[in-house]
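Remember, predicted model here, so these are calculated numbers, not experimental data. Lettering of chains follows the sequences in order, A, B, ..., and the numbering in each one begins at 1.
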Amino acid sequence: MSFIDTLLQGILLGGLYALFAAGLSLVFGIMRLVNLAHGDLIVLAAFLILLIVSTLGLDPFLAAVVAAPLMFGLGWLLQYYLLNRTLGKDILPPLLVTFGLSIVIQNGLLESFTADSRRISANAMETASVDFGGISAGVMPLVTFVSSVLVIVALNQLIYRTSLGRAFRATSDDVVTATLMGIRPNSIFAIATGTAMMIVTVAALYLGMRANFDPTAGPARLIYAFEAVIIGGLGSLWGTLAGGIILGVAQTVGAAINPEWQILAGHIAFLLVLLFRPRGLFPRAMD
Amino acid sequence: MPSLIETRGLTAFYGDFQALFGVDIRLEPGETIAVIGANGAGKSTLMRSVSGLIVNRHEMILHRGEPIGALAAPDVMRRGIALVPEGRKLFASLTVEENLKVGACGRQGDGPWTLETIYDLFPILKERRRNPATALSGGQQQMVAIGRALMSNPQILLCDEISLGLAPVVIKDIYAAFSKIRATGAAIVIVEQDIAQALKVADRVYCMMEGRITLSGCPRDLDRADIHAAYFGAEPHELH
Ligand SMILES: Nc1ncnc2c1ncn2[C@@H]1O[C@H](COP(=O)(O)OP(=O)(O)OP(=O)(O)O)[C@@H](O)[C@H]1O
Ligand SMILES: [Mg+2]
């Protein structure tokens, strides 16, 4: 039973990584932009939720509902006024600017919230667990996983069933021709990044309730997100979930063998996929 | 009354390279005009300028007497000017129907064109509506490109080389649709390399060479030798 148990923990952990990654995957899919500040934006959102919980005394889930539109607005402004100016044939400017942004966010958080590590308290949910015929799973990991599936279902609905989603895909295919359709790419990109920041808020909620975080926690989250996106294949959201799960399973299996191997096992799984399937498991053509 | 579209001394550049040198054309309501010319004459550059893909000096292009030369493509299309771009440029990850729907993104108000009326115009597209647009034959793809432009209910339809690379029977089908499009009252600009085709459909023809208009007039008033000279730059007597 212990192996199945380990596998289940890994799959559920994958849900958290998929949440870290979904926003990154969305933005990359639409505008080929790799946002190196993605992890720091998750941490920023976690502090925002913490702030709302402590000042308004709201339940963390309600606080996330309040934080989501604020994060959408932040993402919109960031994309419209800053990142859109970096997009072009050259891939270096967006990397440099988002790298700089990452440092700015970390230092800003350090100034405002100090280096202390924090946690969003979820009270009873933190320790609750359910039993499936001998295998027990924590309620928190289960809820995280279900949330990640819901987020990806919702995103796929948005992308494949709405006119905004059509505009996302058309712009991603061919920006110039999209303008002939009356689409304003800068607005489309701003809405996409705003949407990604709402997913970031969900990711931040679970990050903050499951573990301690501090202003420097972002880059490690970025790496997990990045690995999940690459394993899954660029541009495929279900691939991103699969990538998160592979990463999660590799980490828990590694940790079961030797607790020190947890992080390393994840990176090795990533490198193996890259070695045998350089375009990831589900590159966009299969979407 | 001002013309629907008028260009005044239109110049256009790609970096330092000048592609248009003072082009004057006009388009009247309900009219179909053709722009002909050899490869590199500047026909597509003219279409890109009018549709806003190339931003020009504001007063060089007038729409109903108002300057639009410096407007970007999304604003130009909201004024009822749609381009069927050279090479079709369908959205590869969208189905036929989604391509058509995207054409309606900047639609202003009502008009004759909806998914149903586009499918009436090109029935084959209805059968293939769930296929990826790029899985269609060249002629069918061109129908999607025209339908996509019509979905915005334009008063002005610009068509850049819609017959390029298509079989004669397919070209005939596509041009057959134009009489129905004209019947809705839309004005049409057709860019063609096939002179005979252009003379057949157009009320007036402009011939371009090396970024300039070298000849214009009604098809019945134009003489073959003059067209050859305007098109190839050769004196008529040099041709046999
Ligand atoms: N993107 C570009 N960058 C630089 N020069 C260009 C560009 N597009 C066109 N040109 C040049 O501008 C001139 C006019 O080109 P344009 O495409 O308007 O010609 P055309 O009449 O449409 O030709 P064709 O019949 O081949 O489509 C040509 O000399 C061409 O080489
Ligand atoms: Mg051309």
Side-chain angles (χ1 to χ4, degrees), chain A residues 25-32 80 84-85 87-90 155-192 232-240 279-280 282-287, chain B residues 44 47-48 50-55 71-109 115 130 132-135 144-154 156-160:
Chain A
S25 182
L26 177 75
V27 166
F28 183 85
I30 294 173
M31 61 193 109
R32 307 289 177 277
Y80 199 86
N84 276 342
R85 295 166 192 263
L87 295 177
K89 282 198 187 70
D90 190 354
L155 268 183
N156 271 308
Q157 292 293 317
L158 174 73
I159 292 173
Y160 292 102
R161 296 271 179 275
T162 68
S163 60
L164 177 63
R166 272 199 301 277
F168 278 168
R169 284 180 291 145
T171 312
S172 158
D173 278 353
D174 182 345
V175 179
V176 172
T177 306
T179 64
L180 285 176
M181 308 295 118
I183 292 172
R184 301 181 200 281
N186 283 347
S187 306
I188 289 293
F189 292 159
I191 294 171
L234 292 173
S236 160
L237 287 166
W238 286 113
T240 298
R279 302 192 56 216
F282 309 99
R284 193 174 202 164
M286 296 178 61
D287 223 343
Chain B
S44 297
M47 293 303 107
R48 286 189 209 120
V50 173
S51 60
L53 290 181
I54 297 176
V55 172
L71 294 185
D75 300 309
V76 174
M77 94 83 67
R78 280 182 174 72
R79 296 184 67 115
I81 303 171
L83 172 67
V84 183
E86 184 172 30
R88 308 187 276 263
K89 301 286 169 64
L90 299 183
F91 297 110
S93 61
L94 272 57
T95 63
V96 167
E97 186 154 300
E98 287 174 332
N99 265 279
L100 294 174
K101 284 180 172 172
V102 158
C105 277
R107 184 180 183 139
Q108 310 282 299
L115 269 183
R130 297 200 191 288
T134 43
V144 178
I146 294 168
R148 185 180 65 176
L150 288 174
M151 283 294 283
S152 65
N153 277 308
I156 302 166
L157 183 67
L158 312 171
C159 302
D160 196 349

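Taking B:Gly106, B:Ala82, B:Pro74 one by one and counting their heavy-atom pairs under 4.5 Å with chain A, the maximum is reached by B:Pro74.
The residue from B:Leu157, B:Val84, B:Leu100 that alone fulfils the side chain to side chain contact (heavy atoms under 4.5 Å, CB included) condition with B:Leu150 is B:Leu157.
With sequence neighbours excluded, no residue forms a ring-ring contact (aromatic ring centres under 6.0 Å, His included) with A:Phe28. With sequence neighbours excluded, the residues satisfying side chain to side chain contact (heavy atoms under 4.5 Å, CB included) with A:Ala167 are A:Ile183, A:Ile188. Listed by chain and number, the residues in a side chain to side chain contact (heavy atoms under 4.5 Å, CB included) with B:Val76 are B:Leu71, B:Ile81 (sequence neighbours excluded).
Only the side chain of B:Leu53 comes within contact range of chain A, judged by heavy atoms closer than 4.5 Å.
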Scan chain A against chain B and return every donor-acceptor pair whose distance is under 3.5 Å.
from	atom 1	to	atom 2	distance (Å)
A:Arg169	NH1	B:Glu98	OE1	3.1
A:Arg169	NH1	B:Glu98	OE2	3.4
A:Arg169	NH2	B:Glu98	OE2	2.8
A:Asp173	OD1	B:Ser93	OG	2.9
A:Asp173	OD2	B:Ala92	N	3.1
A:Asp173	OD2	B:Ser93	N	2.8
A:Asp173	OD2	B:Ser93	OG	2.8
A:Met181	O	B:Gly106	N	3.3
A:Gly182	O	B:Arg78	NH1	2.9
A:Gly182	O	B:Arg78	NH2	3.0
A:Arg184	NH1	B:Asp75	OD1	2.9
A:Arg184	NH2	B:Asp75	OD1	3.1

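Side-chain contact check for B:Leu83 versus B:Val50: every heavy-atom pair is 4.5 Å or farther apart.
Considering all non-hydrogen atoms of both residues, B:Ala149 and B:Pro154 come closest at O-CD, 3.5 Å. Nearest approach of A:Met31 to A:Ala192, heavy atoms of both residues: CE-CB, 3.9 Å.
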